[in-house]
Amino acid sequence: MPIDSMSIARAIEHYRQVTSSYHARLIAVSKTHPAALVQEAYNLGQRVFGENKVQELVGKYEELPKDIEWHLIGHLQKNKVKYIAAFVAMIHSIDSLELLQEVNKQAAKVGRVIPCLLQVHIADEATKFGFDAQELEEIVKSGVLSQLAHVKVVGLMGMATFTDDKAKVAQEFASLKTLFENMKKSSKDGNVSMEELSMGMSGDYEIALEHGSTLIRIGTAIFGNR
Ligand SMILES: *Cc1c(COP(=O)(O)O)cnc(C)c1O
């Protein structure tokens, strides 16, 4: 399917309308696509973009307008945090306490507080990263987060199983929403504030929005196949 400016414009307009009716936000996932395509979306007013690889994120950050809000949505290795700490708007893929501690360290060096989401493993697939519900509860209860002054845990992120079974996807998103609400009630650390629930991609964003998503991450449906 050839992707042209018209189809990008139509897609962005569509997602802008659905997200606004749910009080959610659109993250345009530009991974593997050239900076020129990001620029087209930017010219249409889109300012929030998601990337899953550090090197690609840094390259696009350097090349593109500086008022873009860059979200790191893919698995992050600890030794690469230093390359993005100065500019990344949000990290969705915190999947270990050690990673969060490294983000805190690198954010301190550049004098920032970086908004982060804890990634939760909700899918069947063993390949998807993230905490399970019990690990999350333990971390929040332990009080360790309050020692990390340069990160702010602002919510949770999850990826549903890749399947046509809508009931299964709905059940996974519902379980993440429940966890989110429970943590909202129980977290007393000053730097934890459950505001964002990042769930939903091109194939399942409607189900995600119905289950309380505040950030949908849409790639293919805007920029075409990778
Ligand atoms: C690639 C990616 C997306 C976007 O997926 P599409 O199906 O292309 O919309 C969303 N979230 C994460 C974590 C991704 O890696």
Side-chain angles (χ1 to χ4, degrees), residues 1-3 7-19 22 24-35 37-38 40-41 46 48-60 68-77 80-81 84 88-96 99 103 115-131 154-166 168-170 172-173 176-177 180 196-226:
M1 181 175 55
I3 286 294
S7 65
I8 292 180
R10 272 196 302 271
I12 285 182
E13 181 53 27
H14 168 73
Y15 288 105
R16 205 172 270 163
Q17 280 177 15
V18 281
T19 49
Y22 281 93
R25 287 195 296 157
L26 166 66
I27 300 175
V29 176
S30 47
K31 65 187 188 197
T32 77
H33 296 291
L37 227 47
V38 180
E40 290 211 18
Q46 180 66 22
V48 187
F49 293 90
E51 288 284 334
N52 71 335
K53 292 209 169 76
V54 165
Q55 201 180 352
E56 197 176 338
L57 174 58
V58 170
K60 285 178 182 159
I68 287 177
E69 198 182 295
W70 289 107
H71 291 229
L72 195 278
I73 61 173
H75 181 61
L76 176 59
Q77 288 171 292
K80 295 192 174 166
V81 175
I84 60 170
V88 71
M90 191 181 290
I91 299 173
H92 291 228
S93 43
I94 300 294
D95 56 9
S96 73
L99 176 60
V103 173
C116 291
L117 305 179
L118 303 177
Q119 185 171 351
V120 187
H121 189 275
I122 54 172
D124 276 350
E125 287 110 272
T127 51
K128 286 177 183 163
F129 294 96
F131 296 102
V154 295
L156 304 178
M157 184 271 244
M159 289 169 86
T161 302
F162 190 71
T163 173
D164 290 336
D165 183 348
K166 290 191 172 168
K168 181 171 179 55
V169 172
E172 291 173 354
F173 285 150
L176 187 56
K177 168 72 167 170
F180 175 78
E196 303 284 7
L197 189 50
S198 169
M199 56 186 197
M201 314 183 3
S202 294
D204 58 17
Y205 72 93
E206 286 160 307
I207 305 172
L209 288 169
E210 277 161 23
H211 288 84
S213 173
T214 67
L215 294 169
I216 57 171
R217 312 178 307 268
I218 308 292
T220 313
I222 296 173
F223 296 112
N225 291 327
R226 291 181 289 270

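Nothing here was measured: the structure is a model prediction, and the numbers come from that model. Quick note: residue numbers are just sequence positions, from 1. Counting starts at 1 for both ligands and their atoms, in listed order.
- In the vicinity of Met159, heavy-atom distances shorter than 4.0 Å reach the ligand 1 atoms 13 (C).
- For atom 14 (C) of ligand 1, the closest non-hydrogen atom of the protein is Lys31 NZ, 3.0 Å.
- Of the protein's non-hydrogen atoms, the one nearest atom 12 (C) of ligand 1 is Ile73 CD1, 3.5 Å.
- For atom 5 (O) of ligand 1, the closest non-hydrogen atom of the protein is Met201 CE, 3.5 Å.
- Under the side chain to side chain contact (heavy atoms under 4.5 Å, CB included) rule, Ile27 has a single partner from Glu51, His92, Met201, which is His92.
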From CA spacing to verdict: side-chain hydrogen bond (donor to acceptor under 3.5 Å, both in side chains), Ser93, Gln119
CA-CA 5 Å; Ser93 43; Gln119 185 171 351; 4.9 Å; no
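- Of the residues Val120, Ile207, Thr161, the one that meets the side chain to side chain contact (heavy atoms under 4.5 Å, CB included) test with Glu172 is Thr161.
- Heavy-atom proximity to Ile218, at under 4.0 Å, picks out these atoms of ligand 1: 9 (O).
- Regarding atom 8 (O) of ligand 1, its nearest protein heavy-atom neighbour is Thr220 OG1, 2.5 Å.
- For the residue pair His71/Glu69, the side-chain donor-acceptor check at 3.5 Å is satisfied.
- Within the 4.0 Å heavy-atom cutoff, His92 does not count among the residues contacting ligand 1.
- Protein heavy atom nearest atom 4 (C) of ligand 1, with residue, atom name and distance: Arg217 O, 3.6 Å.
- For the side chain to side chain contact (heavy atoms under 4.5 Å, CB included) criterion with Phe223, the lone passing option out of Ile218, Leu37, Thr32 is Leu37.
- Using cut-offs of 30° and 60° for the angle between ring planes, the His14 and Tyr205 rings count as perpendicular.
- Counting protein heavy atoms only, atom 9 (O) of ligand 1 is closest to Ser202 OG, 2.5 Å.
- At most 12 heavy atoms of other shown residues, nucleotides or ligands fall within 6.0 angstrom of atom CG in Asp164.
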